[in-house]
Amino acid sequence: MKVPPVKGTRDFYPPQMAIRNYIVDGWKAASLRNGFEEYDGPIFEYLKMYQIKSGDEIVEQLFNFTDRGDRKLAIRPEITPTLARMVNQQINSLPRPIKWFSVPRLCRAERPQKGRLREFFQWNIDIIGIDDVLADAEVIFTAINYLQATGLTADDIVVKISSRKMLAAILKEIGIKEKDLESIYTILDKRAKVPDDAFEEMLAEKISDADIRQKVTQLMAAESIDSLSDIVSLSDKANESVDELKKLFQLLETMGVTDFCKFDITIVRGLAYYTGIVFEIYDKQSQLRAIGGGGRYDNLLKQFGGPQVSATGFGIGDCVLGILLEEKGLLDGKENNRQIDYFVACADKQFAKNALEITTKIRRAGFSASFSYKATGLGKQLKQASAENAKKAIIIGEEFEKNQLAVKDLESGDQTLVDIDKFFSQL
RNA sequence: GUGGAAGUAGCUCAGCUGGUUAGAGCACUGGAUUGUGGAUCCAGGGGUCGGGGGUUCGACUCCCCUCUUUCACCCCA
């Protein structure tokens, strides 16, 4: 009986696994470089954990099941709730700032499409306990720091940045009521993704006052932070968050990454819980493809039963990123990272036992070594050595009688005779 | 969940308006090569043509259903 792979999943054969590792290792290295510590949680949690943040409609978008103890559980579709739970549990004993990262394997029961599968990996970094845009800047820097390490440049990607706090203050200034903010955000989030008239239509459904609507449209067309005051007179509260955003850009300048960053008021993020700085990373070439995003969420820990603690973070999945890196040719050669130190070739069957002994000894000394299972000709064995990307081949044949090995450098082709004792003492 | 497109060897694909035993390149295995690799040449294995049903003397080809992939929506944590 042949069973197909499950819809929306991937099999990682060695070449794909090598690429996955390349990406994940890069994430981990960038995290550690920037002072983050790794954590992880279980791959399933109580279903209600995901309803706290996102409501009931989320249930059909995740894989859920009931265990034998009648517990309603779900495979994690994100790790932020787990992070909130873990941090809350030890909030009083964790040294601040809490700078943690994770590379969870996540599942979502969505319909698969390009850059979006039902099982994927996501890099998350979070800074908890620092109520300062410096933390937001550091998160953004860390993301860019990784992306640069892959070879991506400011010509390839852009980090679009805005502030929910600022947007809320200005919208209120314009005349939007506090209770309507949430639903307006959802519409504004689509500003760059839908045509002008469709946007106007959506807006009209929510805002009946034409003057207010016009102000909102003007606001969403603002090109720079400074031009905001031309559209509306800013309240003290709005000015405060404008200054905060400006400070963020100054910090990013000090960090040397302003080439990658751009103010973009249309960045709102669909998620309800963002409270301050928000940002999304886009591929410049293929217009408007978000490859990752994040922002400040100062109320989340409280929502999960903890104290009010400020937090800011960022997440990026492996699917879209992988496609982007592939398109840019930045994964070339990454699919084969196999490499062994020595390939032990046996030139004559009578030395088979000795060859196995030598192989074992090399392995015991901490080096990787391989050999052929079949007693084929030396040519075949060297061919195998090349195929396995061995650095050197050890040839065991008649010279073995004189306690010598032929050591061949497979890159240069140089070959030397070495005494066995000397070979091992120089390993 | 809604709509469009596609599915032939491990991969990329060819296969005429329905007609005999479904092909190529790459990959894989073996040989040329019993002490010297990456190249070259030769040979070989590998397909219920995604699956099921229907039309037909006859289906890879036409029709229906289904699965999977993919694109656009919904959603995006």
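In what follows, chains are A, B, ... by sequence order, proteins preceding strands, each numbered from 1.
- A:Lys383 places its NZ atom 10 Å from the C1' atom of B:G30, with the value rounded to the nearest Å.
- Using a 4.0 Å heavy-atom distance criterion, A:Gln415 is classed as a base contact.
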Discussion item. Would A:Asn403 and A:Asp421 count as a side-chain hydrogen bond (donor to acceptor under 3.5 Å, both in side chains) here? Give the steps.
Written reply: CA-CA 8 Å; A:Asn403 278 317; A:Asp421 292 344; over 6 Å; no
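- Scanning residues 367-382 of chain A for heavy-atom distances under 4.0 Å to RNA chain B yields A:Lys374, A:Leu378, A:Gly379, A:Lys380, A:Leu382.
- By the 6.0 Å and 45° rule, A:Arg85 does not stack over the aromatic ring of A:Phe304.
- Between B:U20 and B:G58, the distance separating the two C1' atoms is 11 Å to the nearest Å.
- As rounded to the nearest Å, B:G23 and B:C63 have C1' atoms that lie 27 Å from one another.
- In this structure, A:Glu411 does not pair ionically with A:Lys392, as no charged nitrogen and carboxylate oxygen lie closer than 4.0 Å.
- The base of B:U36 sits with one of its N or O atoms less than 3.5 Å from a complementary donor or acceptor on the side chain of A:Lys408.
- Rounded to whole Å, the separation between the C1' atoms of B:G15 and B:G7 comes to 15 Å.
- Residue A:Ile394 contributes atom CD1, which lies 18 Å from atom P of B:U36 at whole-angstrom precision.
- Using a 4.0 Å heavy-atom cutoff across all strands shown, A:Gly413 reaches at least one base atom of the nucleic acid.
- Taking atom CG of residue A:Leu117 and atom P of nucleotide B:A77, one finds them 17 Å apart after rounding to whole Å.
- In this entry the distance linking CD of A:Gln113 with C1' of B:U2 reads 13 Å, nearest Å.
- You'll find that the side chain of A:Arg116 is closest to B:C74, out of B:A77, B:U70, B:C74.
- As rounded to whole Å, 13 Å separates atom P of B:C76 from atom CD1 of A:Ile187.
- Nucleotides B:U29 and B:G45 are separated by 7 Å at their C1' atoms, to the nearest Å.
- The nearest whole Å value for the distance from the CZ atom in A:Arg118 to the C1' atom in B:U68 is 12 Å.
- For the pair A:Asp341 (side chain) and A:Ser368 (backbone), a donor-acceptor distance under 3.5 Å is present.
- On the C1' atoms, B:U34 is 47 Å away from B:G50, given to the nearest whole Å.
- You'll find that the side chain of A:Glu399 is closest to B:G35, out of B:G35, B:A77, B:C74.
- Look at NZ on A:Lys7: it is 13 Å from P on B:U66, rounded to the nearest Å.
- Within 4.0 Å of A:Gly115, counting heavy atoms only, lies no atom of the nucleic acid at all.
- Taking the P atom of each, B:C11 and B:U48 are spaced 12 Å apart, rounded to whole Å.
- With values rounded to the nearest 0.5 angstrom, A:Ile140 atom CD1 is found 7.5 Å from A:Thr312 atom OG1.
- Judged by distance alone, the side chain of A:Arg213 and the main-chain N or O of A:Ile207 form a donor-acceptor pair under 3.5 Å.
- Within 4.0 Å (heavy atoms only), A:Ile395 reaches at least one base atom of the nucleic acid.
- A salt bridge is absent between A:Glu78 and A:Arg108; no separation between the charged side-chain nitrogens and carboxylate oxygens falls under 4.0 Å.
- Nearest to the side chain of A:Lys114, among B:U68, B:C74, B:U70, sits B:U70.
- We find that A:Arg76 and A:Asp40 are joined by a salt bridge, their nearest charged nitrogen and carboxylate oxygen being less than 4.0 Å apart.
- Salt-bridge formation is detected for the pair A:Glu38/A:Lys28: a Lys NZ or Arg NE/NH1/NH2 atom is positioned less than 4.0 Å from an Asp or Glu carboxylate oxygen.
- Distance noted for atom C1' between B:U70 and B:G46: 27 Å (whole Å).
- With a 3.5 Å limit on both pairing distances and Watson-Crick or G-U wobble geometry required, the stems of 3 or more pairs in RNA chain B span B:1-7 with B:67-73, B:10-13 with B:23-26, B:28-32 with B:40-44, B:50-54 with B:62-66.
- The aromatic ring centres of A:Phe65 and A:Phe44 sit less than 6.0 Å apart.
- To the nearest angstrom, P of B:A77 lies 18 Å from CZ of A:Phe63.
- Of the residues near RNA chain B, A:Glu280 and A:Pro112, the one whose nearest nucleotide (by heavy atom distance) lies more toward the 5' end is A:Pro112.
- When the P atom is used for both B:G51 and B:U8, the distance is 10 Å, rounded to whole Å.
- A:Lys349 comes within contact range of no nucleotide atom at all, as no heavy-atom separation falls under 4.0 Å.
- When each of A:Arg111 and A:Tyr273 is assigned the nucleotide of RNA chain B bearing its nearest heavy atom, the one mapping closer to the 5' terminus is A:Arg111.
- With respect to A:Arg269 and A:Asp189, no salt bridge is recorded, no charged nitrogen being found less than 4.0 Å from a carboxylate O.
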